[in-house]
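Just below is one structure, and these are the notes that go with it.
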Amino acid sequence: MLRRLLLVSSVALVSAAPALGDLSSRKHAVDTRLDRLQSQIAAAKSTETALSAGISRTTGKIRILEGQVGDVSSQLVLLERDLALHRERLAGLRQLYRFQSSRYAHLRRDYWVARTRFDRRLVAIYQQDTLGTLDILVSATSFSDLLERLDFSRDIGSQDERIAGEIGNAKGEVRRARDRTKRTKAAVASATRVIAVRTGQVRSARDRLLARQANLAAARSEKQRAFSSVHENAREAASEAAALQSVSAQLAAQIQTAQAQAAAQAAEVARTAEAARSSQSASAETFTPAPSAPVADPTPSSSGLVWPVSGPVVSPFGMRWGRMHEGIDIAVPSGTPIHAAASGIVVYAGWMGGYGNLIAIQHSGSLATAYAHQSSFAVGSGANVAQGQVIGYAGCTGHCFGPHLHFEVRVNGSAVDPLGYL
């Protein structure tokens, strides 16, 4: 009779297992997609942050270059104005030098004519008989004519000599002025060349700065386009993740309902089996469960749980890296046997996103436990396990950074601190 009841209970649990397995597989698919989307969103946010920082740095460089371009442009304006003034002055000096050269040439010709006339007059007077005072007196018609003839003869020679001297002095002054103009023109030309070279250098520096500024502006525009694209992709991924999160919550509720139904069926089977055992005679066969592997600490706590593995807690329950860590991490070598914290029904055994290989056990009442990152399973979904029974082996599947066991305790589906139950 007892065997028949156990057979009936096994059939009932097996019939409940496919429903749980189907729900769990659907939830696993949704959670896997959700994990990928969360990874995409995290990568997009990281890319957004990097692009935003790059845009800020580029904008800062552009502003610095704008200041440098403004300073260089101001210098260039002053230099170009100075160069224009020097060129204007140089043009005036060249015109003055040409005028002075022309005047000097004209005075040289006048001086040559005056000296020639004076020399010829001297030669003529020397070659002719000397016109004496007596000849002037004899030839004069009156006393006034005599005075005029005497003044004329006396002034002719001095006048020619004075004219030649004045022309010579003027020629000398013009020559000296032209020499001064020539020296000034050379100095101004030299300064103009220096300013022209400096102006060219500053203009080239400004052109290089403008080209660099244009390149930085183009790079900033490209980063802004990339930022917009990444932001749009992240928004779409976040929208899809929100939708998947809702689906995951619905599936979790379905799993909790299935767990409740399985627990109710198990309780009914247990009550029936207990009644059957009470009516059996002393000669009836007794059922002895298979022994389990030894537990790290076989003594149950006040909450009725035992430690699933023996090792240090390297990460406690609570906030970690900006998100909630809903269990404790116990460091153990890969392959370490994992024991059930209490007896119950395996309601999930499979892959679940960042948990990797996960087993969830429904215990009596609203209590459930979960064991993540396993390297392999020792039991399957729907199995009845005893407290301390080996259910799997520690590893590093899913999101982890080394072999350990992630252990969770949940009450009515909500995570609580496992250390309060161990």
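As the structure is a computational prediction, the values presented were derived from the model and not from experiment. Any value given below was found using the heavy atoms of this structure, including those in side chains, with hydrogens, waters and symmetry copies removed.
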When the ring centroid of His325 is compared with that of Phe317, is the distance short of 6.0 Å? no

For atom CZ of Phe227, decide whether the heavy atoms of other residues, nucleotides or ligands shown that lie under 6.0 angstrom number more than 12. yes

Taking Ser102 for its side chain and Arg98 for its backbone only, find out whether a donor-acceptor pair lies under 3.5 Å. no

CD of Gln95: more than 12 outside heavy atoms within 6.0 angstrom? no

Look at the side chain of Thr192 and the backbone N and O of Val188, then say whether any donor-acceptor pair between them is shorter than 3.5 Å. yes

Tell me, do Ile62 and Arg220 make a side-chain contact under 4.5 Å, heavy atoms counted? yes

Would you say that Val202 contacts Val72 through its side chain, given a criterion of any heavy-atom pair below 4.5 Å between the two side chains? yes

So, Ser221 side chain and Ala217 main chain: donor-acceptor pair closer than 3.5 Å or not? yes

Under a plain distance cut-off of 3.5 Å, with no hydrogens placed, do His363 and Ser343 share a side-chain donor-acceptor pair? no

Hey, does the side chain of Gln389 reach the backbone of Ala386 with a donor-acceptor pair shorter than 3.5 angstrom? yes

Hey, does the side chain of Ser229 reach the backbone of Arg225 with a donor-acceptor pair shorter than 3.5 angstrom? no

Has the side chain of Glu408 got a donor or acceptor atom that lies under 3.5 Å from a matching backbone atom of Gly327? no

Using only atom types and a distance under 3.5 Å, with no angle test, would you say the side chain of Asp82 pairs donor to acceptor with the backbone of Leu78? no

Given side chains that start at C-beta, do those of Val346 and Ile359 come closer than 4.5 Å, heavy atoms only? yes

Could you tell me whether the side chain of Ile361 reaches within less than 4.5 Å of the side chain of Ile345, counting heavy atoms only? no

Quick one, Leu85 and Arg89 - any side-chain contact, counting heavy atoms below 4.5 Å? no

Under a 4.5 Å cut-off applied to non-hydrogen side-chain atoms, are Tyr393 and Gln374 in contact? no

Under a 4.5 Å cut-off applied to non-hydrogen side-chain atoms, are Arg198 and Ile195 in contact? no

Under 3.5 Å, is there a donor-acceptor pair between the side chain of Thr397 and the main chain of Ser375? no

Taking it one step at a time, do Arg63 and Glu66 satisfy salt bridge (Lys or Arg N to Asp or Glu O under 4.0 Å)? CA-CA 5 Å; Arg63 288 176 180 172; Glu66 285 176 350; 5.9 Å; no

Determine whether a donor-acceptor pair (N or O, by modelled atom type, separation under 3.5 Å) exists between the side chain of Gln362 and the backbone of Leu367. yes

Around atom CZ of Arg206, are there more than 12 heavy atoms from other residues, nucleotides or ligands closer than 6.0 Å? yes

Whether the side chain of Ser301 engages the backbone of Tyr421 through a donor-acceptor N/O pair (distance < 3.5 Å, no angle test) should be reported. yes

Count the heavy atoms belonging to other residues, nucleotides or ligands that lie under 6.0 Å from NZ of Lys185, then report whether that count exceeds 12. yes

Relative to each other, are the rings of Tyr371 and Phe407 parallel, tilted or perpendicular (30° and 60° limits)? tilted

Residue pair His339 / Val390, side-chain heavy-atom distance below 4.5 Å: yes

